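Basis for what follows: all heavy atoms, side chains included, without hydrogens, waters or symmetry-related copies. Predicted, not measured: the structure shown is a model, and the values here were computed from it.
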Amino acid sequence: MRVAVAGLVCVLAMPAGADGLERFGTTMKYTLPLAAAVCAADQDRLEDFAIRGVLQAAVVLGLKAVFDGSALGARPTGEGRGFPSGHSAAAGFGAADLAGKCWEDEPVLGAAAYGAAGLTAYSRVQVGEHTTDQALAGALIGISFGAASFGMSPNGAAFSLGLRF
């Protein structure tokens with residue numbers, strides 16, 4: 001299963017054309033969380049994954065709304081809703097979940113996932129969609145939610161955070 005998920009990430013990440021870096025970043029925005037969701041379903045932890053994913057998206061969208069119209073929220077293009085980078089957040093979320101929960105015994109795969117997430121953040125800056133601060137903030141939010149665990153059961157709830165790769 002681990003090799004199949006890693007293969008899916010690699011195949012979907014193949015850049016093509018002159019806009020390869022931008023396409024890579026957009027592909028990782030979807031591919032890393034999708035691969036992590038497949039793994040979460042396989043490990044019977046899809047509910048926890050979904051809750052963390054929804055919270056991560058809500059935080060990103062909420063911050064975009066709060067900082068819209070401010071200097072921090074301005075994209076390099078002059079448009080708004082730039083803080084934080086949603087692409088970086090989604091890729092970071094998927095990478096942290098994969099590295100810490102799916103590939104905990106495969107540090108090379110975890111490092112590759114984090115590398116793909118980092119390249120996603122880099123791509124957003126290079127194509128002029130975000131500043132470095134916006135991309136880093138998005139990555140930090142995504143990695144934080146991806147590394148977290150909300151253990152919910154009839155006996156109570158627990159929270160833990162741990163980065164691995």
Side-chain angles (χ1 to χ4, degrees), residues 9 12-13 15 19-41 45-103 110-153 156-165:
V9 170
L12 293 175
D19 298 329
L21 186 60
E22 183 173 14
R23 182 168 180 228
F24 177 85
T26 299
T27 301
M28 288 298 101
K29 172 187 176 181
Y30 298 107
T31 302
L32 288 169
L34 177 62
V38 169
C39 176
R45 57 179 186 80
L46 194 55
E47 181 178 293
D48 178 76
F49 177 85
I51 290 169
R52 291 181 293 113
V54 167
L55 288 173
Q56 178 266 144
V59 167
V60 168
L61 293 173
L63 289 172
K64 283 182 176 288
V66 166
F67 290 103
D68 192 29
S70 72
L72 184 59
R75 293 175 183 261
T77 62
E79 296 175 29
R81 299 185 60 85
F83 181 86
S85 166
H87 283 67
S88 299
F93 173 76
D97 188 87
L98 286 167
K101 297 170 182 66
C102 302
W103 299 332
Y114 279 120
L119 192 53
T120 298
Y122 175 78
S123 77
R124 303 307 291 162
V125 174
Q126 289 304 302
V127 301
E129 288 294 324
H130 291 284
T131 65
T132 302
D133 291 342
Q134 293 168 345
L136 289 175
L140 180 61
I141 291 166
I143 289 170
S144 297
F145 278 98
S149 289
F150 300 139
M152 295 194 215
S153 72
F159 172 78
S160 66
L161 180 66
L163 292 172
R164 299 174 101 165
F165 75 91

Qualifying side chain to side chain donor-acceptor pair (under 3.5 Å) pairs with a residue from residues 64-74, counting only residues at least two apart or across chains: none
Return the minimal non-hydrogen interatomic distance between Ala99 and Gly110, and the atom names on each side. CB-CA, 3.7 Å
Are Asp133 and Phe83 side-chain neighbours, meaning at least one heavy-atom pair lies under 4.5 Å? no
Considering all heavy atoms, the nearest Pro33-Ala90 contact: CG-O, 3.2 Å
Tell me, please, which residues at least two apart from Glu129 pass salt bridge (Lys or Arg N to Asp or Glu O under 4.0 Å). Arg75
Please report the shortest heavy-atom distance between Leu32 and Ala116, naming the atom on each side. CD1-CB, 4.2 Å
Which residue pairs pass the salt bridge (charged side-chain N to carboxylate O under 4.0 Å, His left out) test with at least one member in residues 82-100, sequence neighbours excluded? Arg45-Asp97, Arg52-Asp97
Tell me, do Ser123 and Met28 make a side-chain contact under 4.5 Å, heavy atoms counted? no
Return the minimal non-hydrogen interatomic distance between Thr26 and Arg124, and the atom names on each side. OG1-NH1, 4.4 Å
Quick one: list whatever passes side-chain contact (heavy atoms from CB on, under 4.5 Å) with Val59, sequence neighbours left out. Leu63, Ile141, Phe145
Pairwise ring pair (Phe, Tyr, Trp, His ring centres under 6.0 Å) hits with a residue in residues 116-137, at least two apart: none
Could you check whether any side-chain N or O of Gln134 sits under 3.5 Å from a backbone N or O of Arg81, counting only pairs where one atom can act as donor and the other as acceptor? no
Residue pair Ala96 / Tyr114: nearest heavy atoms and the distance that separates them: CA-OH, 3.5 Å
Looking only at heavy atoms, which two atoms of Ala121 and Ala135 are closest? And how far apart? O-CB, 3.7 Å
Using side-chain heavy atoms (C-beta onward) and a distance below 4.5 Å, is Leu21 in contact with Leu119? yes
Point-to-point distance, once rounded to the nearest 0.5 Å, from CG of Leu140 to OG of Ser88: 11.0 Å
To the nearest 0.5 Å, tell me how far Phe49 CZ sits from Gln56 CD. 9.5 Å
So CD of Glu22 and OG1 of Thr120: to nearest 0.5 Å the spacing works out to 12.0 Å
Tell me, please, which residues at least two apart from Ala112 pass side-chain contact (heavy atoms from CB on, under 4.5 Å). none
